[in-house]
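Let me begin by presenting the structure, written as structure tokens, before commenting on it.
Chain identifiers are assigned alphabetically (A, B, ...) following the order of the sequence lines, protein sequences preceding nucleic acid strands; residue numbering begins at 1 within each chain. Only heavy atoms go into these numbers, but all of them, side chains included; no hydrogens, no water, no symmetry mates. What you see is a predicted model, and the numbers here were worked out from it, not measured in a lab.
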Amino acid sequence: MIPLMSTQSIAPALTENDHLILIDGSTFIFRAYHALPPLTRKPDGLPVGAVSGFCNMLWKMMQEGPTKETGDEPTHFAVIFDKSGKTFRNDFYPEYKAHRPPPPEDLRPQFGLIRQATRAFGVPAIEQQGYEADDLIATYARQAEAQGARVTIVSGDKDLMQLVTDKIGMVDTMKNKVIGKPEVFEKFGVGPEKVVEVQSLAGDSVDNVPGVPGIGLKTAALLINEFGDLDSLLEQADTIKQKKRRENLIEFAEQARISKRLVQLEEAVPVETPVEDFTVCDVDGAQAVGFLKAMGFTSLTKKVADKTGAVLENIEPIEPVIEGWESTAKPAEQAEDSAGELEGKAWTAAPLAEKVAAEISALPVDNSAYETVSTIEHLKEWIAQAYEVGYVAVDTETDALNAMEAGLVGVSLSCTPGKACYIPLAHVDGEGDLFSGGALVEGQIPLQEAIALLKPMLEDPAVLKIAQNMKYDWLVLKRYGVEMAPFDDTMLLSYALDAGMGGNGMDELSQRWLNHTPIPFKEVCGSGKSQISFDKVPLDKATSYAAEDADVTLRLWKILKPRLAAEEMTVVYERLERPMVATLAKMERRGISIDRQMLSLLSGEFAQGAAALEAEIHDKAGEIFNVGSPKQLGEILFGKMGLPGGKKTKTGAWSTSASVLDDLAAQGHELPSKIVEWRQLSKLKSTYTDALPSFINQETGRVHTSFSLASTSTGRLSSSEPNIQNIPIRTAEGRKIRQAFIAEKGKKLISADYSQIELRVLAHMADIPQLKQAFADGLDIHAMTASEMFGEPIEGMDPMVRRRAKAINFGIIYGISAFGLANQLGISRGEAGDYIKTYFERFPGIKEYMEETKKFVHANGYVETIFGRRAHYPDVNTKNPNMRQFYERAAINAPIQGSAADIIRRAMVRMDEVLETANLDAQMLLQVHDELIFELPEDQVDETKKLVITTMEKATEPALQLSVPLKVEAEAATNWEEAH
DNA sequence: ACGGCCACTTA
DNA sequence: GTAAGTGGCCGTC
């Protein structure tokens, strides 16, 4: 290291009357970023949320001091930043802080702005190559102390606690906590002078300080208190009684010594700016106000102007230098480059992500290391840990699968890979019979108390909550009064990154990324008839299962989150995935009313109809058989009666599908059409009229579906328990079921649906002039297609001609084949092929688009929607021509279906706020791919309709302007059938 | 009791 | 021809 001479200051040395405040810039920046909703500057969309938060915090600190207690006027004041790039610690330990994911894309341009903001307030912004902010803070604090002054360090970083003395105090403003010697002792179990010794043993996963395996804070403090310091301990390690601990201390002695050098702050940095220069001076109003004006922070600008006496109107905005961001969209590669440069990282994000994955998956899962939390103190320790690292993996255990009914049984947490706890809350004695069981097991914190302790942390903007399938945990906890925020979801991270590569469930992800099989639920609760609910599981067994889930979730997050930036999927995740969690959770919570009586009546009608048909069928067949059995039916139709069999199923049996039966009916046979009718009726009865009432929630009296965000390859949602996305509409009988979905008294339902959204998306993506023109002119798209293809005028067109064109349009969206079109239209393969040929001649752009898509998927293994969502087809290059063509069709369809899904997602994410801002009480209840269903007071119908329509039609903006208008139609009624 | 198959429902 | 979920039957465990 080249020794640098400290610059001599002309300012006087500090005295015991002086008070130096050192602000840890990183703490401020990251708190400001995570604590506040994203904010962008008006004209150009520059992200400024963190800048705004930082300025407010800095200004407050300058006005009031760090806290009331230590709020005596500072005489010296500076903000210390980390300089990006390598530090001296990396010279002897390259892995130091290597786990850190790169900063989020929208934070990157704000680093520079925040330094400029600091200077605009007349405060020194200090950073120095090769040193971390902590080292500079240590050096300045010791220098000031040596001169007799008092020092207050403002930071949330526990590494700085080693500096605390009578003269040097610490304040964590975010948590409103003053840290002196007693607080350090409470945290580390030793005084500030021994903090380094303890940390070198316990390690720190956040900074990637290894420490000694198996030794946490508690044990470390114990050992240091016994042996005095690290060196003495390592010398006498062979005297330790506990076998594993002794072995580890001997084996990892060198690792502990390295850890000590990592956590030991450098207190003699040859600083470029002397501490004497930090003298507080009056704020130059013109500078500060100029900067704030340029940022567009109106209320702070006014405050600062008032205080400094600057005349707001006379000050011109001072535009700061902006690095790492441009207001106009630019190619992805460029964004990557400039972002990399800005932070001066030697690595790009992708190799970092790989490195993280390798390290996390190498650490074995040890279920015996997990803790069962049974006291308030223990719980508090875990909560404190979450605050400390700023994130925590959370998993709730419940007594049922359905989030709207399940009771909370316990919560598990993890902040460090390999370390996790389970907090049992409602485990009951499983012994005894059905009635006597149910006594709470001992060693559990009362549920309400535990929730009261957890709630502030789970809702605190400073702590990121991480879960696998957050919607479930969010819903369960919401029912206990907790609204978790902010959060990440590992299932959605995986979905954004790898849709189509396989499932996104935790077991599968654990297998894929950690090469680890978590304890199967079956092993804990059994299965089938002997299955027990989780509240009956003994605490030790529950802990190894539940805590493992939190551990695995945290590890998956550490692996998947850095990939987001590396693979440019941040925007997809943050705009299209994550915000849907709360949106959908709220919809599920609201549920929808159904008319139980009406369904019951229908069930009766369907039963009668089916019974009558069944009798006829048996009569015509000449024997009694199970009509619901395709096998028995096949034997009768194609065996006994000798009818000509058409298709075979893939298992070799005669197909009795509706299309086959329809063909037979067309040949003049009576039985087949009766079968078709019977099947339709029994389907309506069993799946809808019988099943729906069983989904009515006891407490709410409504039906709460569960939407799945990550179970399609294209980005569509799916719905289950019950599936409300396939409620009948085609037949008159089926529509009666829709009538049973009703609005509450005094309310109405609105159904708003996109008209032809997929064809519009296709027209935009494939850039087809005639289609775009037709949509712009509001024409009947199928008639227009027919007119182009067959040369017939739209007026007075034969409905059959239009029907053919419609089938072709749908076929195009599905990745058309002559085989499929022929089936659909009941024409020959050759004829269908001719239609397709004609179509491609009239719309050459479509053909080109389909060929390009195929080329793309073969080259890349995935395709993309207009908003960048990816659908992967890892097997598209298979040699099997049928499979290959299947994947190609799916790849053609995915960008179209997926883009439409993206669009409605954007509308949904925005909808609640839009309605609320307009003071409307409408509530979004359901989504059916291109349709949204709302419930609202009947006197707000007109206004709501208008707002819903614009929100949906403008959903791509401002990110994207389609070259085709989107059209939404909305109707209101007291039931879904009439509204649709 | 579980899972595959077939049928039906939707966009 | 794309994307889903559910229910009944039936063979296997």
Side-chain angles (χ1 to χ4, degrees), chain A residues 499-500 522 526-531 625-634 647-661 675-688 690-692 694-695 705-708 711-731 733-735 737-738 753-758 762 807-825 829 832 836 850 863 871 882 885-898 900-901 904 926-931 980:
Chain A
K522 277 193 298 191
S527 67
K529 219 174 86 178
S530 57
Q531 186 170 353
F625 70 103
N626 187 344
V627 186
S629 164
K631 189 167 168 269
Q632 294 179 30
L633 177 65
K647 288 185 297 182
K648 289 273 190 75
T649 66
K650 60 180 158 191
T651 49
W654 289 110
S655 167
T656 65
S657 69
S659 67
V660 171
L661 298 180
I675 307 273
V676 172
E677 271 186 75
W678 180 90
R679 280 185 183 162
Q680 289 179 342
L681 271 187
S682 7
K683 180 70 179 177
L684 293 181
K685 181 172 184 292
S686 66
T687 310
Y688 303 106
D690 286 353
L692 279 174
S694 72
F695 287 104
T705 185
S706 174
F707 287 107
S708 171
S711 53
T712 71
S713 51
T714 56
R716 272 195 181 178
L717 304 180
S718 76
S719 152
S720 62
E721 293 185 325
N723 180 356
I724 50 77
Q725 293 182 322
N726 70 349
I727 300 300
I729 192 167
R730 209 168 33 89
T731 64
E733 287 95 343
R735 279 198 293 275
I737 293 165
R738 243 172 218 243
D753 67 300
Y754 284 106
S755 151
Q756 308 287 4
I757 187 167
E758 292 189 347
L762 175 68
I808 293 171
N809 276 334
F810 272 98
I812 295 296
I813 291 169
Y814 298 155
I816 202 151
S817 75
F819 181 84
L821 185 64
N823 264 340
Q824 178 67 32
L825 286 176
R829 289 269 295 277
I836 294 169
M850 291 171 83
V863 289
N882 283 331
Q885 283 163 25
F886 171 76
Y887 289 125
E888 286 172 352
R889 287 193 299 271
I892 288 168
N893 172 256
I896 305 168
Q897 189 182 114
I904 198 168
L926 304 176
Q927 188 246 45
V928 191
H929 308 309
D930 63 0
E931 174 189 12
H980 188 80

Do the side-chain N or O atoms of A:Thr687 get closer than 4.0 angstrom to the phosphate oxygens (OP1, OP2) of C:dG7?
no
What's the shortest heavy-atom distance between A:Ile904 and A:His929, and which atoms?
CD1-O, 3.6 Å
Inter-residue atom distance A:Leu821.CG - A:Phe810.CZ, 0.5 Å rounding:
13.0 Å
Expressed in angstrom and rounded to an integer, what is the separation of A:Asn882 atom CG from C:dG1 atom P?
11 Å
Looking at A:Thr705 and A:Ser720, would you say the former's side chain and the latter's main chain have a donor-acceptor pair under 3.5 Å?
yes
Round to a whole Å and report the spacing from CD1 of A:Ile812 to C1' of C:dG1.
10 Å
Please check: side-chain N/O of A:Ser682 versus main-chain N/O of A:Lys685, any donor-acceptor pairing under 3.5 Å?
no
Nucleotides 4-11 of chain B: protein proximity per nucleotide (B base, S sugar-phosphate only, - neither; heavy atom, under 4.0 Å)
-SSBBBSB
Within-4.5 Å side-chain heavy-atom neighbours: A:Glu931 and A:Tyr754
no
Looking at A:Thr712, I'd like to know whether one of its side-chain N or O atoms comes within less than 4.0 Å of OP1 or OP2 on C:dG5.
no
Would you say the side-chain atoms of A:Ser655 pair up with the backbone N or O of A:Lys647, donor to acceptor, closer than 3.5 Å?
no
For nucleotides 11-13 of chain C, which of its nitrogen or oxygen atoms have a protein nitrogen or oxygen under 3.5 Å away, and what is each distance?
none

Interatomic distance, A:Leu633 CG vs C:dC10 C1' [rounded to whole Å]:
15 Å
Are the side chain of A:Glu721 and the backbone of A:Ser706 linked by a donor-acceptor contact shorter than 3.5 Å?
no
A:Lys685 NZ to C:dG8 C1': how many Å, rounded?
13 Å
Taking CG from A:Asn809 and C1' from C:dT2, how many angstroms apart are they, rounded to a whole number?
15 Å
Between P of C:dT6 and CD1 of A:Ile724, the distance in whole Å:
11 Å
Rounded to the Å, how far apart are A:Phe625 CZ and C:dG8 P?
18 Å
With respect to the phosphate group of B:dC2, does any side-chain polar atom (N or O) of A:Ser527 fall under 4.0 Å of OP1 or OP2?
yes
Could you check if a side-chain atom of A:Gln897 sits within less than 4.5 angstrom of a side-chain atom of A:Thr712, using non-hydrogen atoms only?
no
Can you tell me if A:Gln632 uses its side chain to pair, donor with acceptor, with the backbone of A:Val627 under 3.5 Å?
no
Nucleotide C:dG1, atom C1' - distance to CG of A:Leu825 in whole Å:
11 Å
